[in-house]
**Student:** 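Take a look at the following structure, please.
As the structure is a computational prediction, the values presented were derived from the model and not from experiment. In what follows, residues are counted from 1 in the order of the sequence shown.
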Amino acid sequence: MTKQANHLIHEKSPYLLQHAYNPVNWYPWNDEAFTKAKEEDKPIFLSIGYSTCHWCHVMEHESFEDEDVATYLNEHFISIKVDREERPDIDTVYMSICQALTGQGGWPLTIFMTPTQQAFYAGTYFPKTSRYGRPGFLDVLKTIDFNWNHHRAKVTDITKKIESHFKDLEGIETEGDSLSMAIIQNGVNQLKQSYDPRFGGFGTAPKFPTPHKLMFLLRYDEQTKDKSVQD
């Protein structure tokens, strides 16, 4: 059976073209997608990744190539694919929201938002069915759809809280350019507690590269010569 191309077929990004024959009716980030979402009163599923991202390919194979997932997405959502290497500006905005909502980030970046681009749910990789301590992607889709249609006021309240949070951050004034040693030490202690001495990295699987954590520890080591972080 010949596969049918979606709206990504005319894009230049190799990452987007990789998804051009998914059964998901992907749109690139453009006015057509947002207009359609407004006209049909559907939430937007935004997926951000890049071509060499391992878990991006895993989620594509498990969910975006799956007919059941694609059928549900196409019926209840407007789906947008973004290449973070092509649009780092979009990635930066929604990664900040994901980190604020979940305390972590990574790719694929999974965002659900209103047709006016206001995010109300965020995450990273979701397996098709629940495992790794993560909810299944189909379960997430059904929950989002239910809340969108039956608890719209709750969705609106979340978007307002996110907007207020970032406005508050913009208004914070820092005194000087340096952090206190107590704050730095607290950060170091948290990283020590989450470090995996057996397999490396921080936290539990699935893990994503976090070079900023290593850079922070290297700078801390250079200044303090703390042997506990050298190990």
**Student:** Do the side chains of D139 and F126 get nearer than 4.5 Å, heavy atoms only?
**Tutor:**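 Side chain of F126 against side chain of D139, heavy atoms only: no contact under 4.5 Å found.
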**Student:** Will you find, in the side chains of K81 and Y15, an N or O donor that is under 3.5 Å from an N or O acceptor?
**Tutor:**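 The criterion, which ignores hydrogens and geometry beyond distance, is satisfied for Y15 and K81.
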**Student:** Measure up the H7 and Y27 rings against each other and bin them: parallel (under 30°), tilted (30 to 60°), perpendicular (over 60°).
**Tutor:**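 Answer is parallel, since the angle falls under 30°.
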**Student:** With a 4.5 Å limit on heavy-atom distance, are the side chains of V24 and N6 in contact?
**Tutor:**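 V24 does not reach N6 side chain to side chain.
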**Student:** Does a side-chain heavy-atom distance below 4.5 Å link D157 with F120?
**Tutor:**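 They are not in side-chain contact.
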**Student:** With hydrophobic residues grouped by side-chain heavy-atom distances under 4.5 Å, do L46 and F166 end up in a single group?
**Tutor:**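 L46 and F166: one cluster.
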**Student:** Any side-chain to backbone donor/acceptor pair from K42 onto E75? Under 3.5 Å, distance only.
**Tutor:**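 Present.
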**Student:** When you measure from the side chain of T110 to the backbone N and O of T124, does any donor-acceptor pair fall under 3.5 Å?
**Tutor:**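 Pair found, side chain donor or acceptor close to backbone of T124.
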**Student:** Determine whether the side chains of T116 and Q118 contain a donor N or O and an acceptor N or O closer than 3.5 Å.
**Tutor:**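 A donor-acceptor contact under 3.5 Å links the two side chains.
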**Student:** So, R87 and S13: side-chain donor and acceptor under 3.5 Å apart, yes or no?
**Tutor:**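 Note: R87 and S13 side chains miss the donor-acceptor criterion.
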**Student:** Roughly how far, to the nearest 0.5 Å, is the NZ atom of K128 from the CD atom of E65?
**Tutor:**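 It is 12.0 Å, given to the nearest 0.5 Å.
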**Student:** Decide yes or no on ring pair (Phe, Tyr, Trp, His ring centres under 6.0 Å) for W26 and F45, but give the supporting numbers first.
**Tutor:** CA-CA 10 Å; W26 291 115; F45 163 53; 5.7 Å; yes
**Student:** Given 3.5 Å as the limit, does a donor-acceptor pair link the side chain of D31 with the main chain of F34, or not?
**Tutor:**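 Such a contact is absent between D31 side chain and F34 backbone.
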**Student:** Looking at H150 and D145, would you say the former's side chain and the latter's main chain have a donor-acceptor pair under 3.5 Å?
**Tutor:**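 No, H150 side chain to D145 backbone: no donor-acceptor pair under 3.5 Å.
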**Student:** Using modelled atom types and a 3.5 Å cut-off, is there a donor and acceptor pairing between side-chain atoms of D91 and backbone atoms of V82?
**Tutor:**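 No, the answer is negative, given that no donor and acceptor are paired below the 3.5 Å cut-off.
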**Student:** Check whether any side-chain N or O of S164 sits under 3.5 Å from a backbone N or O of K160 as a donor-acceptor pair, and report yes or no.
**Tutor:**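 Side chain of S164 to backbone of K160, a donor-acceptor pair under 3.5 Å: no, none is there.
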**Student:** Within the side chain of T35, is there an N or O that forms a donor-acceptor pair under 3.5 Å with the backbone of E32?
**Tutor:**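 Checked: no pair found.
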**Student:** At what distance, to the nearest 0.5 angstrom, does SG of C56 lie from CD of Q18?
**Tutor:**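 Reported value, rounded in 0.5 Å steps: 9.5 Å.
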**Student:** Out of curiosity, does V140 fall in the hydrophobic cluster containing Y94 (side-chain heavy atoms, cut-off under 4.5 Å, transitive links)?
**Tutor:**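 As far as the 4.5 Å side-chain criterion goes, V140 and Y94 are connected within one cluster.
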**Student:** What is the minimum heavy-atom distance between G123 and C98, and which atoms define it?
**Tutor:**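 What the structure gives for the nearest pair is O-SG, 3.8 Å.
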**Student:** Does the pair F64 and S47 meet the rule for a side chain to side chain contact (heavy atoms under 4.5 Å, CB included), with working shown?
**Tutor:** CA-CA 10 Å; F64 305 151; S47 178; 3.9 Å; yes
**Student:** Can you find a heavy atom in the side chain of I162 that is under 4.5 Å from one in the side chain of M113?
**Tutor:**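 No; the side chains remain at least 4.5 Å from each other.
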**Student:** Would a distance-only check, ignoring hydrogens and angles, find a side-chain to backbone donor-acceptor pair under 3.5 Å from W29 to D83?
**Tutor:**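 Pair absent, no side-chain N/O of W29 close to backbone of D83.
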**Student:** Closest approach of P127 and E62, non-hydrogen atoms and distance?
**Tutor:**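 Nearest heavy atoms, P127 then E62: CA-OE1, 3.4 Å.
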**Student:** Is there a chain of hydrophobic side chains (I, L, V, M, F, W, Y, each step under 4.5 Å between heavy atoms) that links L17 to M59?
**Tutor:**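 Per the 4.5 Å side-chain linkage, L17 and M59 are not co-clustered.
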**Student:** Could you tell me the separation between the OG1 atom of T143 and the CG atom of L138, rounded to the nearest 0.5 Å?
**Tutor:**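 Answer rounded to 0.5 Å: 10.5 Å.
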**Student:** Heavy atoms only: give me the nearest N74-N25 pair and the separation to one decimal.
**Tutor:**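 That would be OD1-N, 2.8 Å.
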**Student:** Using the rule that Ile, Leu, Val, Met, Phe, Trp and Tyr join whenever any side-chain heavy atoms are under 4.5 Å apart, tell me whether V58 and F137 fall into a single cluster.
**Tutor:**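 Per the 4.5 Å side-chain linkage, V58 and F137 are co-clustered.
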**Student:** Taking all heavy atoms of I80 and all of A33, pick out the closest pair and write down the distance.
**Tutor:**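 Residues I80 and A33, closest heavy atoms: CD1-CB, 3.8 Å.
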**Student:** Check whether any side-chain heavy atom of L141 lies under 4.5 Å from a side-chain heavy atom of F112, and answer yes or no.
**Tutor:**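 Contact flag for L141/F112 side chains = yes.
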**Student:** Hey, what do you get for CD (E40) to NE2 (H76), rounding to the nearest 0.5 Å?
**Tutor:**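 Going from CD on E40 over to NE2 on H76, the span is 12.0 Å.
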**Student:** Is Y72 atom OH crowded by more than 12 heavy atoms from other residues, nucleotides or ligands, each under 6.0 Å away?
**Tutor:**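 Correct, the count exceeds 12.
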**Student:** Using 30° and 60° as the class boundaries, would you call the ring planes of W55 and Y125 parallel, tilted or perpendicular?
**Tutor:**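 Aromatic pair W55/Y125 classed tilted.
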**Student:** For the residue pair A122 and T102, what are the closest heavy atoms and their distance?
**Tutor:**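 Nearest pair, atom of A122 first, then T102: O-CG2, 3.6 Å.
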**Student:** Just wondering, do Y121 and N147 contact through their side chains at under 4.5 Å, heavy atoms?
**Tutor:**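 Not touching, per the 4.5 Å side-chain cut-off.
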**Student:** From E67 CD over to N22 CG, what is the distance, rounded to the nearest 0.5 angstrom?
**Tutor:**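 Between atom CD of E67 and atom CG of N22 there are 10.0 Å.
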**Student:** Looking at side-chain heavy atoms only, is the closest gap between W148 and F77 below 4.5 Å?
**Tutor:**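 No; the side chains remain at least 4.5 Å from each other.
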**Student:** Above 12 or not: heavy atoms from other molecules or residues under 6.0 Å from NE2 of H54?
**Tutor:**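 Check passes, neighbour count above 12.
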**Student:** Search all heavy atoms of T159 against all heavy atoms of T156 and return the closest pair with its distance.
**Tutor:**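 In terms of heavy atoms, the two residues are closest at OG1-O, 2.7 Å.
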**Student:** Strictly distance-based, threshold 3.5 Å: is any side-chain N or O of S130 a donor or acceptor partner for the main-chain N or O of G136?
**Tutor:**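 A pair under 3.5 Å: yes.
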**Student:** Atom CD1 of I158 and atom CG of L101: how far apart are they, to the nearest 0.5 Å?
**Tutor:**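 Reported to 0.5 Å precision, the distance equals 8.5 Å.
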**Student:** Transitively linked via ILVMFWY side-chain contacts under 4.5 Å: F146 with I44?
**Tutor:**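 Per the 4.5 Å side-chain linkage, F146 and I44 are not co-clustered.
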